[in-house]
Amino acid sequence: MVILSCAGRPAADRLPRLMPDVRVRFAPSPTGFLHIGGARTALFNFLYARHTGGTFVLRIEDTDETRHVEEAVQVILDGLRWLGLDWDEGPEKGGAHGPYFQSQRKDIYRRYVQRLIESGAAYEFEDKEKGGTVVKFRMTREPITVPDLICGNVTRPLNDTEMADPDFVIVRRDGVPVFHLVNVVDDIEMKITHVIRGEDHLSNTPKHIALYRALGAEMPKFAHIPLILNSDGSKMSKSDKGAALHEYMNAGYVPEAVRNFLSLLGWSPKGDVEILSLAETVERFDLAQVQRHNARFDHDKLHWMQGQYMLKMAPDRFNAMARSFLAKTGLTAGQPDDYVLRVLGLVKEKVKLFTELPEWTTYFFRDDFTADREVIVKTFGSAPQSWELLEKLRSRYADLGEWTHPALDAALRALAQESGVKAAALIHPCRVAVSGKAGGPSLFHLLEVLGRDRVLNRLATARERLKLD
RNA sequence: GACCCUGUCGUCUAGUCAGGCCUAGGACUCCGGGUUUUCAUCCCGGCAACACGGGUUCGAAUCCCGUCGGGGUCGCCA
């Protein structure tokens, strides 16, 4: 098999086919953070494994021991778990094909290198210039064709610099085997059937194929997925904003939204659907619909998708996540649980990102809030009589029997009518006076939650607080 | 420099492999209108693309060639 085609297949063929022998892997290097592109590669591997009923292996590529930090591994595991991508074999899970850290597989690599040397496919080489002895692999001079499930048959001849010296190093001067070797060896040992990885590896794949041949091992199927670019089309490197998954974790994104957004970068479920649960994505996912060209990261669309998930989020989960974010800001320290919960109930439909929470809720927890000059001018600038109305409203509210939103509503409207103004002429000044904001939750619900003491107090001090000078 | 991948609205994409069903569909953004006591949401409407140039064909976004653009690889990094 060489190329999969997606259109025109019989309908029955579109149903998920169980291929329990499928084994895919995500093999990140512990660099201290999880790149968003890496996360997407992991996602595609995961989706393919779940779609086919196969196995998803996680392997840590820490050949360069100086870089192997326990903490750096944890970042990867946390990121994958956050996205909901649980692996079947790997760190903290074990499995029949371990160990899953390359730093613990040195004997295996040594054996394979020995085999290559004995068969004449590799040889020791003394580098006179750099000094030391390395092991080099005798690379084929002929062009090699990569059968790729996404790109088709890609034939790559050696380029000019490779032509000058086709053989490449597989064991460094310090005795540590390089990526190309360990990657292939591990995929053979772990019985990987499908190598799904970033397109940046496509040009190196002929080297890997040559290694498989020299080792007499069966080649896996390759699927090189397009890369994720910055929104301006430039390459997304580690230092770019939004390149690391933890930025989204910290910024208050819902994991499902990020996962959903990522799945649509370079893959399409067809049929004009965009909001898909993990289960729906698993059911529809296939390599045949993966795009061939790179995709730009569109922050606006992610933000929109985040809003969609936020809106649908169950209140309990929203409250739990919101409280943990709020706790970090110290805003809710010492506040009664019950009050915090009522505030959250009020702003749930407004908040799109958890990091926006302080903006929406600060005035519920602190009395020293201010208002933008622009808001004050717009509300009171052309209507100085609002101050007197607010005074009157305060005395009505002071005498209010029960402090409920219908009662607050009725009292305000009655006053407006008696004063010959529209309700809105009272509602807006009141909102600004008690919250300092031009927008927010329904005013009467807001007043109800704020409570009589706070409202009366703020109404009394509004003129002083919102003074323009 | 060489080699490889790639090119549909500003962005993500459907349509391309089996040429006509495409006066090119959806979504995000933006603009206009409506709902809402405000803001956000939501609803309705609108702007906007087949990179360019040749061919093949009755007919091309779809097939072929070239050009240009974008990305990748060529490490004793992974």
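Lettering of chains follows the sequences in order, A, B, ..., and the numbering in each one begins at 1. All values below were derived from every heavy atom in this structure, side-chain atoms included, with hydrogens, water molecules and symmetry-related copies excluded.
Between A/Lys352 and A/Leu202, it is A/Leu202 whose nearest contact on RNA chain B lies nearer the 5' terminus. Heavy-atom distances to RNA chain B give each of A/Leu158 and A/Gln291 a nearest nucleotide, and the one nearer the 5′ end belongs to A/Leu158.
Using a 4.0 Å heavy-atom cutoff across all strands shown, A/Leu443 reaches at least one base atom of the nucleic acid. Backbone-only contact: A/Ser268 has heavy atoms under 4.0 Å from sugar-phosphate atoms and none from a base. Residue A/Arg296 is classed as a sugar-phosphate contact, given heavy-atom separations below 4.0 Å to backbone atoms only. Residue A/Gly233 is classed as a sugar-phosphate contact, given heavy-atom separations below 4.0 Å to backbone atoms only. A/Asp200 comes within 4.0 angstrom of the backbone, heavy atoms only, and of no base. Across all strands, A/Gly271 comes closer than 4.0 Å to no nucleic acid atom at all (heavy-atom distances). At the heavy-atom level, A/Lys130 lies under 4.0 Å from base atoms of the strands shown. Within 4.0 Å (heavy atoms only), A/Ala423 reaches no atom of the nucleic acid at all. Using a 4.0 Å heavy-atom distance criterion, A/Gln308 is classed as a sugar-phosphate-only contact. Residue A/Glu274 is classed as a base contact, given a heavy-atom separation below 4.0 Å to a base. Within 4.0 Å (heavy atoms only), A/Leu302 reaches no atom of the nucleic acid at all. Within 4.0 Å (heavy atoms only), A/Pro226 reaches no atom of the nucleic acid at all. When heavy atoms are screened at a 4.0 angstrom cut-off, A/Val154 is found touching the sugar-phosphate backbone but no base atom. At a threshold of 4.0 angstrom between heavy atoms, the contacts of A/His224 with the nucleic acid are absent.
Contact annotation: side chain of A/Lys301 to base of B/A27, donor-acceptor pair present below 3.5 Å. Checked by distance alone, A/Asp127 brings a side-chain donor or acceptor within 3.5 Å of a matching partner on the base of B/C76. The base of B/G1 sits with one of its N or O atoms less than 3.5 Å from a complementary donor or acceptor on the side chain of A/Asp160. Contact of A/Ser442 with B/U36 (side chain to base): no donor-acceptor pair of N or O atoms is detected under 3.5 Å. Donor-acceptor pairing under 3.5 Å, judged by distance alone, is present between the side chain of A/Lys350 and the base of B/C39.
In this structure, A/Arg141 places its CZ atom where more than 12 heavy-atom neighbours from other residues, nucleotides or ligands lie under 6.0 Å away. The number of heavy atoms from other shown groups lying within 6.0 Å of NZ (A/Lys128) does not exceed 12.
Separation of the C1' atoms belonging to B/A61 and B/G25 is 13 Å when rounded to the nearest angstrom. Between the P atoms of B/G33 and B/A40, the separation comes to 14 Å (whole Å). Nucleotides B/C28 and B/G66 are separated by 36 Å at their C1' atoms, to the nearest Å. Comparing the P positions of B/G20 and B/C12 gives an interatomic distance of 25 Å, to the nearest angstrom. Taking atom P in both B/C31 and B/A14, one finds a spacing of 28 Å when rounded to whole Å. Look at the P atom in both B/U16 and B/U23: the space between them is 15 Å, to the nearest Å. Across the P atoms, B/U41 and B/C4 are found 49 Å apart, a figure rounded to whole Å. Between B/U8 and B/C50, the two C1' atoms lie 4 Å apart (nearest whole Å).
In this entry the distance linking CG of A/Asn159 with P of B/G72 reads 16 Å, nearest Å. As a whole-Å value, the separation of A/Asp300 CG from B/C30 P is 7 Å. Note: CG (A/Asp232) to C1' (B/C12) measures 16 Å, nearest angstrom. Whole-Å rounding puts the A/Arg172 CZ to B/C77 P distance at 4 Å. Going from atom NE2 of A/His293 over to atom P of B/C9 covers 9 Å, rounded to whole Å. Atom pair A/Arg431:CZ and B/A40:P shows a separation of 12 Å (rounding to whole Å applied). Rounded to whole angstrom, the span from the NZ atom of A/Lys348 across to the P atom of B/U41 amounts to 15 Å. What separates CG of A/Asn294 from C1' of B/U73 is a distance of 13 Å, to the nearest Å.
Considering only the side chain of A/Asp272, B/G26 comes nearest among B/G1, B/U6, B/G26.
Using a cutoff of 4.0 Å between basic side-chain nitrogens and carboxylate oxygens, A/Glu418 and A/Arg396 are scored as salt-bridged.
Pairing for B/G53 is with B/C65, a Watson-Crick or G-U wobble pair whose two hydrogen-bonding atom distances lie under 3.5 Å. A 3.5 Å limit on both hydrogen-bonding distances identifies no Watson-Crick or G-U partner for B/C21. With a cut-off of 3.5 Å on both pairing distances, the Watson-Crick or G-U wobble partner of B/G1 is B/C74.
Using cut-offs of 30° and 60° on the angle between ring planes, the pair A/Tyr48 and A/His194 is tilted. Between A/Phe297 and A/Phe261, the angle of the ring planes goes over 60°, which puts this pair in the perpendicular group of the 30/60° scheme.
In this structure, the ring of A/Trp87 has its center no less than 6.0 angstrom from the ring center of A/Phe46.
A/Phe101 does not carry A/Arg105 over the face of its six-membered ring by the limits of under 6.0 Å from the centre and within 45° of the normal.
Under the 3.5 Å distance criterion, the side-chain polar atoms of A/Thr133 are left unmatched by any main-chain donor or acceptor of A/Glu126.
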